[in-house]
Amino acid sequence: MLNFSFTEEQEFFRKMLKDFAKEELLPNYTKWDREGTLPRHLWKKLGELGVNGLRIPVEFGGSGADCVTTGIAAEEIGRGDFNLTYAVMLNALIGEIINKHAREELKQDWLPKIANGDRIVGIAITEPTAGTDAGGIKTTAVRKGNVYVLNGEKSGISVATVGDAFLVFAKTNPDLGNRGISAFIVPADLPGVECKGYEDLGNIPIGRGSIYLTDVEVPEEYLIGLENKGFSQVMNGFDLSRLLIGLQCVGAASQSLDETIEHVKMRTSFGQPLATYQGVSFPIVTHFTQLEFVKWQAYRGLWLRDQGLNHSKESASVKWLGPKYGVDAIHECLLFNGHYGYTKEMPHEQRLRDVIGLEIGDGTAQANMMVIAKDIIGKEYRSTGHLVASKN
């Protein structure tokens, strides 16, 4: 028989994070956007709460939590400050990669500081000509003695301007295509590393931008895993990050729904509360239902990952629909709050801007549909383009 309940420990964790998000994150959510700064003291506080190290083993200062518990953190932090959920999503992905593939001394150096919030680490794959096609990256890493020399440009990288280091993926054997990619930890202060930020629509505190690598010498011990095995390492990690992204979008949109429900109960029109009109209540019900569907598909995917079972199509569906349904819900909430909702006095406009960004990051809707199609139809029928109508 199916059991969809959380454990007692998970419920306690959820309650703790819900209270923290409401009391310490939500009141200042819009402040960091306006100032254009990442609140590192709150990132550090999340480390103290165990959030940053959820997927890092206890022996390296983490919590050693399962994936379902990590999803709880993404959802609840997303209610308070959507941008600080990157402390959950990024650290879970990077923590898993380093723990599973890095050398022991590298784990001991980096994982405790990631877990406690002392170090912020980004993941650098995307390039100006390689996004969905991650295997098409052009950044190179050439071995010279006991160092690798990196050259190339990474674009659209979260925490580019605030990160202490980056997990950089580069081609160590360009002739092998996907099979010639390796991963390296690259500290941001190494000579030849230059980071420039963007003027983005949303996710402003995250400091998204480009990373330029010019003859950057990286010690050979900073290689993550085996040479030429970087692509397979990160592809599996995306199944986790996509599920967490879906939940952080659900958390942000659910918070807007909760705030809007209270508003339509109080605001009257023609002598009746707005909530009494089906034109108001039915859209709210629609968004609630859609978000619930995404939420439970996400937790199902995380449970499958915890069991060691395949969950690629589940994570792709959550990544496709989580941001989409989140944007739709927040947009309608903004409208239901009238002209006040359109001001920066309320958080809906910022949530809308922030969530839109994750309709792109970690794979567009179309890219994730391709993942699902390959799974349920078959690799041999992989989509290569649009259906073209035949001529009569």
Side-chain angles (χ1 to χ4, degrees), residues 13 17 21 25 29 38-39 42-43 46-47 49-56 62-63 65-99 111 114-115 117 119-126 156-160 162-163 165-167 202-208 233-254 294-295 297-299 301-302 305-306 311 314-316 318-323 326 351 354-364 368:
F13 185 60
L17 289 184
L25 300 185
Y29 169 53
L38 179 72
L42 290 175
W43 191 287
L46 289 173
L49 294 175
V51 169
N52 294 352
L54 285 166
R55 295 298 292 158
I56 295 174
S63 310
D66 57 26
C67 292
V68 170
T69 301
T70 308
I72 290 172
E75 182 186 355
E76 295 303 331
I77 300 301
R79 281 180 166 271
D81 188 323
F82 184 80
N83 292 306
L84 281 172
T85 55
Y86 280 74
V88 183
M89 184 265 290
L90 268 183
N91 288 336
L93 174 59
I94 291 167
E96 277 200 1
I97 292 173
I98 293 176
N99 180 55
L111 290 180
I114 292 172
R119 285 180 178 170
I120 297 176
V121 181
I123 186 161
I125 302 176
T126 304
I157 307 304
S158 298
V159 304
V162 296
F166 306 98
L167 208 58
N203 299 131
I204 292 170
I206 294 303
R208 200 173 66 96
Q233 291 171 190
V234 75
M235 285 301 105
N236 178 263
F238 277 139
D239 280 344
L240 172 60
S241 63
R242 286 169 176 166
L243 292 166
L244 298 177
I245 284 171
L247 283 170
Q248 68 186 79
C249 292
V250 166
S254 296
V294 173
K295 172 180 173 177
Q297 175 76 322
Y299 281 118
L302 292 168
R305 189 177 182 87
D306 282 330
H311 53 288
E314 287 79 10
S315 62
V318 167
K319 174 56 185 67
W320 160 33
L321 291 174
R351 288 198 192 107
D354 287 347
V355 175
I356 283 174
L358 286 181
E359 289 191 277
I360 304 169
D362 267 38
T364 62
N368 282 285

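We're numbering straight along the sequence, starting at 1. Keep in mind it's a predicted model, so treat the numbers as computed, not measured. Atoms considered below: every heavy atom in the structure, side chains included; atoms not considered: hydrogens, waters and symmetry mates.
Contact detail for Pro323 and Leu358: the closest heavy-atom pair is CG-O, 3.2 Å. The two atoms that bring Gly326 and Val355 nearest to each other are C-CG1, 4.4 Å, heavy atoms only. In this structure, Ala92 and Thr70 approach most closely via the heavy-atom pair CB-CG2, 4.1 Å. Across Asp239 and Ser315, no two heavy atoms sit closer than the pair OD1-OG, 3.0 Å. Closest approach of Leu90 and Val121 over heavy atoms only: CD1-O, 4.0 Å. Residues Ala252 and Phe82 come closest through the heavy atom pair CB-CD1, 3.7 Å.
At least one side-chain heavy atom of Phe13 sits under 4.5 Å from a side-chain heavy atom of Leu54. Gln248 is not listed as a side-chain neighbour of Val88, based on a closest heavy-atom distance of 4.5 Å or more. Residues Asn83 and Pro39 fail the side-chain proximity criterion, which asks for heavy atoms closer than 4.5 Å. Residues Ser158 and Asn203 have side chains not in contact (no heavy-atom distance under 4.5 Å, counting atoms from C-beta outward). The shortest side-chain heavy-atom distance between Val51 and Leu84 does not fall under the 4.5 Å cut-off. Between Val159 and Tyr86 there is no side-chain heavy-atom pair separated by less than 4.5 Å. Trp43 is listed as a side-chain neighbour of Asn91, based on a closest heavy-atom distance under 4.5 Å.
Within the model, atoms CD of Glu75 and CG of Leu244 stand 11.5 Å from one another, a figure rounded to the nearest 0.5 Å. Between the CD1 atom of Ile157 and the CD1 atom of Ile206 there is a distance of 13.5 Å, given to the nearest 0.5 Å. Considering CG of Leu302 and CD of Gln297, their distance stands at 10.5 Å, rounded to 0.5 Å. Atom-to-atom distance recorded for Glu314:CD and Leu243:CG is 8.5 Å, nearest 0.5 angstrom. Distance CD1/Ile77 to CG/Leu49: 7.5 Å, rounded to 0.5 Å. The distance from atom CZ of Arg79 to atom CG of Leu17, rounded to the nearest 0.5 Å, is 12.5 Å.
The backbone N or O of Asp362 lies less than 3.5 Å from a partner atom in the side chain of Arg242, making a donor-acceptor pair. A donor-acceptor pair is defined here as one N or O able to donate and one able to accept, closer than 3.5 Å; such a pair exists between the side chain of Asp306 and the backbone of Val68. No side-chain donor-acceptor contact under 3.5 Å links Asn99 to the backbone of Ile56. No side-chain donor-acceptor contact under 3.5 Å links Thr85 to the backbone of Asp81. For Asn368 (side chain) and Gly363 (main-chain N/O), a donor-acceptor pair under 3.5 Å exists by modelled atom type. In this structure, Ser254 contributes its side chain and Gly251 its backbone to no donor-acceptor pair below 3.5 Å. When atom types are taken as modelled, the side chain of Lys319 and the backbone of Ser241 share no donor-acceptor pair closer than 3.5 angstrom.
With sequence neighbours left out, the salt bridge (Lys or Arg N to Asp or Glu O under 4.0 Å) criterion links Glu359 to no other residue. Contacts of Asn52 classified as side chain to side chain donor-acceptor pair (under 3.5 Å), with partners at least two apart in sequence or in another chain: none.
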Quick one: do Tyr29 and Asp354 satisfy side chain to side chain contact (heavy atoms under 4.5 Å, CB included)? Show the steps, please. CA-CA 11 Å; Tyr29 169 53; Asp354 287 347; 2.6 Å; yes
Verify side chain to side chain contact (heavy atoms under 4.5 Å, CB included) between Leu93 and Leu167, making sure each step is shown before the conclusion. CA-CA 11 Å; Leu93 174 59; Leu167 208 58; over 6 Å; no
Determine whether Leu25 and Leu42 satisfy the following criterion, side chain to side chain contact (heavy atoms under 4.5 Å, CB included), listing intermediate values before the conclusion. CA-CA 8 Å; Leu25 300 185; Leu42 290 175; 4.0 Å; yes
